[in-house]
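Just so it is clear: chains get the letters A, B, ... in the order the sequence lines come, proteins before strands, and each one is counted from 1.
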Amino acid sequence: MKLITAIIKPFKLDEVKDALKAANVTGITVTEVRGFGRQGGHVETYRGAEYKVDLIPKVRLEMVVDDVVADRVVETIVKSAGTGKIGDGKVWITDVSRVVRIRTGEEGRDAI
Amino acid sequence: MKLITAIIKPFKLDEVKDALKAANVTGITVTEVRGFGRQGGHVETYRGAEYKVDLIPKVRLEMVVDDVVADRVVETIVKSAGTGKIGDGKVWITDVSRVVRIRTGEEGRDAI
Amino acid sequence: MKLITAIIKPFKLDEVKDALKAANVTGITVTEVRGFGRQGGHVETYRGAEYKVDLIPKVRLEMVVDDVVADRVVETIVKSAGTGKIGDGKVWITDVSRVVRIRTGEEGRDAI
Amino acid sequence: MEPAGLAWVLISSALVLFMTPGLAFFYGGMDRRRNVLNMLMMNFYCVLAVPVLWMVLGYSLAQVPFGNDFIGGLDSFMLKDITTAGDGGALATIAFLGMFAAITPALISGAVAGRMKFAAWAVFVPLWLFIVYVPVFKWVYGGWLGQRGSLDFAGGTAIHVNAGIAALATVLVLGKRRVDPAPPHSVPLVMIGTGILWFGWFGFNAGSALNANGQAAQAFMNTFLAGAAAGLAWVLTEWLRDGRPTNLGAASGIVAGLVAITPAAGYVSGVAPVVIGLIAGVVCCYAVRLKTRLGYDDALDVVGVHFVGGLVGSLLIGFLANPSFFEAEFRAGLFYGGDAKLLIEQAIANGAAVVWSFILTFVIMKVLDATIGVRAEEQAELTGLDLALHAETAYHD
Amino acid sequence: MEPAGLAWVLISSALVLFMTPGLAFFYGGMDRRRNVLNMLMMNFYCVLAVPVLWMVLGYSLAQVPFGNDFIGGLDSFMLKDITTAGDGGALATIAFLGMFAAITPALISGAVAGRMKFAAWAVFVPLWLFIVYVPVFKWVYGGWLGQRGSLDFAGGTAIHVNAGIAALATVLVLGKRRVDPAPPHSVPLVMIGTGILWFGWFGFNAGSALNANGQAAQAFMNTFLAGAAAGLAWVLTEWLRDGRPTNLGAASGIVAGLVAITPAAGYVSGVAPVVIGLIAGVVCCYAVRLKTRLGYDDALDVVGVHFVGGLVGSLLIGFLANPSFFEAEFRAGLFYGGDAKLLIEQAIANGAAVVWSFILTFVIMKVLDATIGVRAEEQAELTGLDLALHAETAYHD
Amino acid sequence: MEPAGLAWVLISSALVLFMTPGLAFFYGGMDRRRNVLNMLMMNFYCVLAVPVLWMVLGYSLAQVPFGNDFIGGLDSFMLKDITTAGDGGALATIAFLGMFAAITPALISGAVAGRMKFAAWAVFVPLWLFIVYVPVFKWVYGGWLGQRGSLDFAGGTAIHVNAGIAALATVLVLGKRRVDPAPPHSVPLVMIGTGILWFGWFGFNAGSALNANGQAAQAFMNTFLAGAAAGLAWVLTEWLRDGRPTNLGAASGIVAGLVAITPAAGYVSGVAPVVIGLIAGVVCCYAVRLKTRLGYDDALDVVGVHFVGGLVGSLLIGFLANPSFFEAEFRAGLFYGGDAKLLIEQAIANGAAVVWSFILTFVIMKVLDATIGVRAEEQAELTGLDLALHAETAYHD
Ligand SMILES: Nc1ncnc2c1ncn2[C@@H]1O[C@H](COP(=O)(O)OP(=O)(O)O)[C@@H](O)[C@H]1O
Ligand SMILES: Nc1ncnc2c1ncn2[C@@H]1O[C@H](COP(=O)(O)OP(=O)(O)O)[C@@H](O)[C@H]1O
Ligand SMILES: Nc1ncnc2c1ncn2[C@@H]1O[C@H](COP(=O)(O)OP(=O)(O)O)[C@@H](O)[C@H]1O
């Protein structure tokens, strides 16, 4: 099994979620994160004092998927999350040696 | 070393934490996440308008453990986190090639 | 490629971030987490009733880096995040089999 | 004004001032987390700009001389010749009315939530104040509508119907939000706003007696009963209809009832406020759905609550006005021995206010759109107005 | 009522209305994040339903005719025959008392936090109002307890002791929460509630003079000093005992002091309010621990603060009542030249209220449990009442 | 005091009491999430400790006998001999002044945010009250400064300049925070505080007329206009200067304007409040930057807003005081036919207050530092004062 992790722009979440559903991804775990990267940050001003905020809100998706579909899922994410503007984010894949569904104890493919 | 990641129901956190402590897991990192899966979501109503919320609150646990205990830890989580109801979550294992304790620089087994 | 995950003390975030920038890490994803470990927790008191809080605020950093620099990055984190006091946290490395930059579709080294 | 009356009008004025922040929290809590500061700012801006404009020219044009049919004059420009005479009564009244002038444009902010350029709002407010609010206010209080015998105790027509229909005009020019509506980012903040609004509304309505007397007491009682009855009606309606009683329903119902009782507060008594509240609660609970039917994007239901609620209350005066109770000289409603005349006058007054307010608000927005533009950039709308327009973020660690 | 008195009673009424949202935030902040809206709703519901019930029948049964020993009648059904006579004084008084009727059942909500079915609460409130609150209120004000000479200026016995002991009865029927108590989800929200409560309490106590006079001024001063002294006492007690001075301690102490001074506000003077505050602060700081000793699950300490605090204040009147200061006709306390008679009457009054309130509240809850059921489903309790009972979530992005 | 005046002073007192929580939220929202409870506690502590101290000794030393030049005596120790005479006027006035005494040290808390040991604060407040506040208050009201003819209607010199310069002294002893300043953890909480502050300030200023009369009405109007004008000025200044209009700017401007109008509220009229507000808004918008220039760590700009704002308003009285408008017996300002005498007296009064307050506050802090220590431990400062000093955390699930 593979674990696919994606960092995307928050306002893209719904779009990506729907695209993944359409691609039969049955489960996703979503985390609110903040990211630092090429995009750089923004400046906030309070009483004339500037605060450089270089960690900007992003959303992190992680999903365990079957090896055979992993690459397709990545393409799905890349397509649905892209705006072409800097800051769109990353997707990466890591190997999962075991996965279990808590409710049933099912393992592997049946677990996801 | 292995990294065990578990997605569980929020109200199960204490129970799972205690079970893991009992199983001599010395450290856990906990993240509030939202999950989408078979459980489906719920509907909220504001001024009669329905909002479908298909991301539901979950808790994500991650812990780096010694290879030999990894499977036992997974069982512990499955046992303590299960309610038998849909939405109980998943547990998965990935390989860790190196782990360091920041305070001491200790590596591997000594680091956790 | 490698995925480096670090759990550090919240007030060390800026320091670590700067050290990583200096070490040419081009992107980091940051998550607010809570941790349980040797450090133990703290006690809060409300109307004389004590609440044992054994999950304490930590910050989780994750960054995908090129294999060759992975160890150097780990050292950088260990150096910049350390206070020598219990609770400094952990760093661990896992393998990444594929990484893509959403904006461009670039892969591998070019993606980070 | 005698000292007791002065004390009552002064504290009432403070209560009405407090309502604008209350409105800001009521709206801000319903807004998205990333747009809440823009909402607060639109509201607070009204209470910064309007008082100054009111002192300079607004009051004079809106009230002096009282007899004018359509618009006042410059006699009280810069509060010229206003003294502490009458033990400060004149000053207290001007301040009291200034609070009303400040909150009325603020009511509109709920409709334009999440997509309006703040610079446009900053220009819209003064323009709308002088072109729409001041004349309509004059017509109703001392002007031709008032002289014809229509009743508007504390601003149902002049404030709520006026701002409510203006809200419709603004969103028609502004267009729909690019992102789907989201649930309230903080219901507790909405409830804080609701509590402040109800509290302040006692000053708004009972203070409009401009004296501490029986009419003030009845207006107070009516404000108490109508807010409660409407909140109850809304909650029960949605409980039956949608299956759940909600906090936002309670809050919306309370406000709907307070809006509806505003024009009637000093003219009805006994069971009437409960009747007005119950009707307003049920009607507005359905009225907020009109926007989906008709397809205008009134973000926080200013039309459904303020226009509809104000209209309901204003027309019900035609049935429930009870002059004998107040031993006063106004027309009786149909249920209290009156003829249809009062109801007709109420219809005329609201009709006139609606036509003027809708058309001129629409024109103002069109002109602003053609000049500085009224719509925020797409990026700002997608990633949040707080950061884009105000360089602020509502919540940090 | 003369105009100045009217102005004071009206603003006091508005202040008391504001207290119910204040109480909602005080409790809601202490509650879990996933249950806060249920708590707010239980409180706001009181201020929606009770005013209407008060207008229809509550006031009449609770006060008219004043002379009745146990219960009023139907003479003022639907506020029949109430006019603006006496410059609106009658109306203002009815509204003022209506605010008290609304907040009293709301006090109980803190005890049942996190596990009560909202439908059961919606029925409990009206039943409790008519079966418990109205009679006890009548006994104390104009009825047999009042006639015997017991003193209760603004509702220590009739409101706080009454609601406090009722809270105990409700939780005994309801049982314990399935999940362990959690720390307050928002201490700032608790402090917002505390600020509003103290602010409103000046109307609650000083307004109970029903006039702008020396007694109102002393009641005001007492409300100021007792709240401060009790907050200080609680904070210092926990600082010494637990090692840390806390915000929740300050908030709890302030409320405990305000509760304790409520019955005494118009009868004590000089140093007495500070004495009452200090005693109430220390006693309640320990009383909130009784629940763990005795094992009842009074979630937010309604018993420890309102029952105990109210009882402390009410009994201390027996020592500190000072009629000569007020040049008024009530019994003197033991320290001011009186005999034990007043203390005995205070004990009798509170005893009677406690017995009636506890037994009948218990019965009401049992009947509700046997019929519609009072306890929320386990799932709702575990995953959050807001979503399960109100289809709402407090905070979103 | 006549009943209407009493009603007005009582409600004004309640409004001022409400300001301290308002200030707590204004400051607390600007503070870090991990330090907010420490900020709330520093403010609430003032309103717990000061009222008791005020009752025991503060009032007596600050006002009795009124004629004393430098300090009062013990004639009213424990409010001895205070009765309900004059229909409670004396009691109301003592309570009213007690509210002022409570909020003044609280103003200082904004400067020491995030690094002061709470135990030190707990001792600092009573010391500062008796050594700095009480004497300066006496000088200004009835004492040598007042007798010389300087004007301070509601506490520009005695309260804002006094607390503002004291804030500077405290931070000089305390030193800088170990961590960089952070953006406000909750701007909505700041705005809640702002709304409460403005609302309460009507009691603060207009209540200082100690009667319901023309002067109260004008003071009310001035409080309305100056707050608005200053908020507008600040927002426009930063909009031009920094490119964005901000909520925090609006809030800061409102407060700056309210501070500036405080000393002048009962002495100026017409356009003057707007002039004072505009000047204060612009000046303070720049003054808050002094700390970076001069390198003192005034966390939440108590110096830039309260000291500077208070000084601006107090000196402008020298130009704008208008006795003829009030038909009263005070010196006229330069623009209203007066000579430079008033301006000079204003300068002397503020100079004297500044010297005394700065030096003695500095000494108090040094003594505290040498004894119990004023600075929190490094760990506490880094990981959060709420947990370290109060064993509480502001927000939980
Ligand atoms: N090497 C990395 N490891 C982990 N997360 C990264 C990495 N690089 C970028 N990110 C995440 O992706 C987000 C977008 O990356 P950024 O470099 O700003 O733009 P782009 O992806 O278009 O190059 C960052 O905010 C960060 O959260
Ligand atoms: N393939 C997956 N990858 C990552 N997280 C998942 C995956 N499937 C489910 N989850 C997480 O587990 C939670 C529960 O899964 P769900 O399918 O709803 O119920 P069950 O685990 O009982 O089948 C989801 O809310 C989601 O957070
Ligand atoms: N085995 C582990 N797996 C994942 N996270 C861990 C593990 N052990 C510790 N952590 C994280 O690191 C933090 C610090 O660890 P702790 O044992 O308290 O101190 P130290 O790192 O100094 O030994 C914990 O709060 C937890 O978030």
Flag the one option from R34(A), Q39(A), E75(A) with the top tally of heavy-atom pairs under 4.5 Å to chain C.
R34(A)

Among T83(A), I86(A), T5(A), I8(A), who wins on heavy-atom pairs under 4.5 Å with chain C?
I86(A)

Minimum heavy-atom separation for I7(A) and I102(C), please, with both atom names.
O-CD1, 3.5 Å

Quick one: what part of [X] sits under 4.5 Å from any heavy atom of chain C, side chain, backbone, both or neither?
X: K85(A); value: backbone
X: V74(A); value: side chain
X: D54(A); value: side chain
X: I4(A); value: neither

Heaviest contributor of heavy-atom pairs below 4.5 Å to chain A, chosen from V30(C), V99(C), T94(C), is V30(C)

Looking at M1(C), E32(C), E62(C), which makes the most heavy-atom pairs under 4.5 Å with chain A?
E62(C)

Find the distance between [atom1] ([X]) and [atom2] ([Y]) and round it off to the nearest 0.5 Å.
X: F36(A); Y: T26(C); atom1: CZ; atom2: OG1; value: 7.5 Å
X: K58(A); Y: T31(C); atom1: NZ; atom2: OG1; value: 13.5 Å
X: K9(A); Y: R103(C); atom1: NZ; atom2: CZ; value: 8.5 Å
X: L3(C); Y: I93(A); atom1: CG; atom2: CD1; value: 13.0 Å
X: T29(C); Y: L55(A); atom1: OG1; atom2: CG; value: 9.5 Å

Heavy-atom contact with chain A under 4.5 Å, split by part of [X]:
X: V64(C); answer: side chain
X: E107(C); answer: neither
X: I28(C); answer: both

Do you know which of D71(A), I77(A), V78(A) makes side-chain contact (heavy atoms from CB on, under 4.5 Å) with V100(C)?
V78(A)

Given 3.5 Å as the limit, does a donor-acceptor pair link the side chain of R38(A) with the main chain of I112(C), or not?
yes

